[in-house]
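One structure is given below, encoded as structure tokens.
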Protein chains: 2
Amino acid sequence: MSKKEKITDKRSALLKATLNLVHNRGFHDAPMVKIAKLAGVAPATIYLYFENKQDLVNQLYLEIKSSFSDCAFDGYNDTLPVKKGFEIIWHNIANYKLNRIKEATFLSQCDNTPMIDEEFRKEGLKHLQPLLDLWEKGQQEGIIKVLSPYVLYAYAIYPVSFLMAMQERHIFTLSEEIRNETFQAAWDAIKV
Amino acid sequence: MSKKEKITDKRSALLKATLNLVHNRGFHDAPMVKIAKLAGVAPATIYLYFENKQDLVNQLYLEIKSSFSDCAFDGYNDTLPVKKGFEIIWHNIANYKLNRIKEATFLSQCDNTPMIDEEFRKEGLKHLQPLLDLWEKGQQEGIIKVLSPYVLYAYAIYPVSFLMAMQERHIFTLSEEIRNETFQAAWDAIKV
DNA sequence: CAACAATAAATGAACGTTCATTCATTTTTA
DNA sequence: TAAAAATGAATGAACGTTCATTTATTGTTG
């Protein structure tokens with residue numbers, strides 16, 4: 001195992017451990033000692049890879065945000081018709097949020113508490129540009145409502161986060177069958 | 001000032017202080033000593049009104065959830081036509097989420113982290129029954145899509161939480177003018 | 001290639017703080 | 001003056017982080 005690979009190895013073990021603990025107990029109930037134990041290293045070792053706890057969680061945020069957008073645009077390219085392109089992205093995101101639950105709930109926690117430094121939050125937002133471009137194209141074609149991208153995101157994408165949370169609490173399940181009807185609601189909300 | 005009033009007085013001062021601190025720093029960065037100081041009492045006094053910190057925050061959750069639904073159904077009654085009734089409720093909720101920011105972001109934190117005991121979360125959900133009834137009536141009339149109330153909530157109500165969060169971060173503002181267009185998106189999402 | 005030295009990585013115990021909670025008193029109320 | 005409410009100091013546990021050592025890796029030399 002090369003030097004570089006080993007570094008990545010412990011680093012990602014620590015990120016993974018943090019994800020698991022934060023998912024279950026929240027940021028402030030995920031003590032460094034437990035993170036270390038779960039990752040199979042000594043507490044002091046964390047500080048070889050991260051500046052401090054805040055840095056650790058900031059970096060985890062970026063890492064997951066990036067994996068999220070990678071997934072979101074899988075199979076997408078900007079030559080597709082607007083509706084088709086949106087459909088692909090929407091289903092990618094729905095899959096991510098409903099299958100990779102730990103990652104998705106972690107992102108929800110980050111976006112709804114003061115746990116992430118604003119600087120990193122801004123950084124994590126950039127990845128969604130292709131979706132915003134798609135919407136702008138749709139607006140020019142008269143297909144998509146002329147509303148702020150924040151409003152479009154709120155109605156087209158954000159609702160899935162709620163459904164994920166309900167699914168996580170076992171009080172609702174979004175079956176494959178009704179997933180298409182759910183997509184339709186998203187489309188109806190933003191289409192002209 | 002009567003005995004009962006005084007009790008309420010300190011109790012609500014403590015709840016208010018907790019809300020302010022949690023809003024700014026999150027649940028675990030809101031120490032009891034600060035809560036006490038902000039409420040103008042000694043730390044030990046908290047334990048005369050609440051069992052412990054968890055109980056304090058659970059009760060704050062219920063209190064705010066209840067004020068939220070009081071606000072949501074202001075001016076509403078179930079004899080109104082479905083769309084009109086929904087419009088009233090939607091605008092009530094939008095007003096609450098966009099004006100009473102501290103309360104709204106507190107609820108967001110509660111709903112997206114493990115900070116509230118499941119039991120209290122369930123309790124807080126009950127208040128929304130009139131909205132679910134309205135939707136069911138709409139479904140019977142063929143006006144509203146036949147989807148789980150969770151899906152309807154996700155698309156009709158939940159998006160406003162996202163817009164609130166963006167407004168709180170000063171990267172977006174939902175002006176009065178475009179609030180109606182935003183309502184239209186909500187309605188389009190759930191109407192047949 | 002064996003022996004050793006130099007460097008890097010990893011460790012566990014320890015530190016200083018901070019926290020939620022308790023308790024012996026004091027203060028207020030009835 | 002008895003009962004109830006409120007207090008501030010004290011307590012022990014838990015936390016993030018540091019540091020003196022130990023262990024592992026790499027490079028060098030005979």
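Letters go in sequence order (proteins before strands), and every chain restarts at 1.
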Checklist entry - Would you call the rings of A:Phe106 and A:Tyr61 parallel, tilted or perpendicular if under 30° counts as parallel and over 60° as perpendicular? => result tilted
Item to check | Spacing between A:Phe50 atom CZ and C:dA10 atom C1', to the nearest angstrom | outcome: 15 Å
Checklist entry - Taking the inter-plane angle between the rings of A:Trp135 and A:Phe86 on a 0 to 90° scale, is it parallel (under 30°), tilted (30 to 60°) or perpendicular (over 60°)? => result tilted
Checklist entry - Ion pair present between A:Asp111 and A:Lys65, side-chain N to carboxylate O less than 4.0 angstrom? => result yes
Checklist entry - Just wondering, more than 12 heavy atoms not from B:Lys16 lying within 6.0 Å of its NZ? => result no
Item to check | Residues A:Lys122, A:Glu119: salt bridge by 4.0 Å N-O rule | outcome: no
Checklist entry - Atom NZ of B:Lys37 and atom P of D:dA9: how far apart are they, to the nearest Å? => result 11 Å
Checklist outcome for this item: For nucleotides 16-21 of chain D, 5' to 3', base contacts (B), sugar-phosphate-only contacts (S) and non-contacts (-) with protein non-hydrogen atoms under 4.0 Å give SBBB--
Checklist entry - How about A:Lys137: does its NZ atom have over 12 heavy atoms from other parts shown lying under 6.0 Å from it? => result yes
Checklist entry - Can you check the B:Arg11 CZ to D:dA6 C1' distance for me, whole Å? => result 18 Å
Next on the checklist: Would you call the rings of B:Phe183 and B:Trp90 parallel, tilted or perpendicular, taking 30° and 60° as the class edges?
Outcome noted: perpendicular
Next on the checklist: Short of 4.0 Å, heavy atom to strand atom, which residues of residues 14-21 of chain A count as contacting DNA chain D?
Outcome noted: none
Checklist entry - Would you say A:Tyr49 reaches C:dA10's phosphate, i.e. side-chain N/O to OP1/OP2 under 4.0 Å? => result yes
Checklist outcome for this item: To the nearest angstrom, the CG-P distance between B:Asp9 and D:dA6 comes to 10 Å
Checklist entry - How many Å lie between CG on A:Asp29 and P on C:dA20, as a whole number? => result 11 Å
Item to check | Rounded distance in Å - CG (B:Leu48) to P (D:dA3) | outcome: 18 Å
Checklist entry - Taking atom types as modelled and ignoring hydrogens, do the side chains of A:Ser161 and B:Tyr158 form a donor-acceptor contact shorter than 3.5 angstrom? => result no
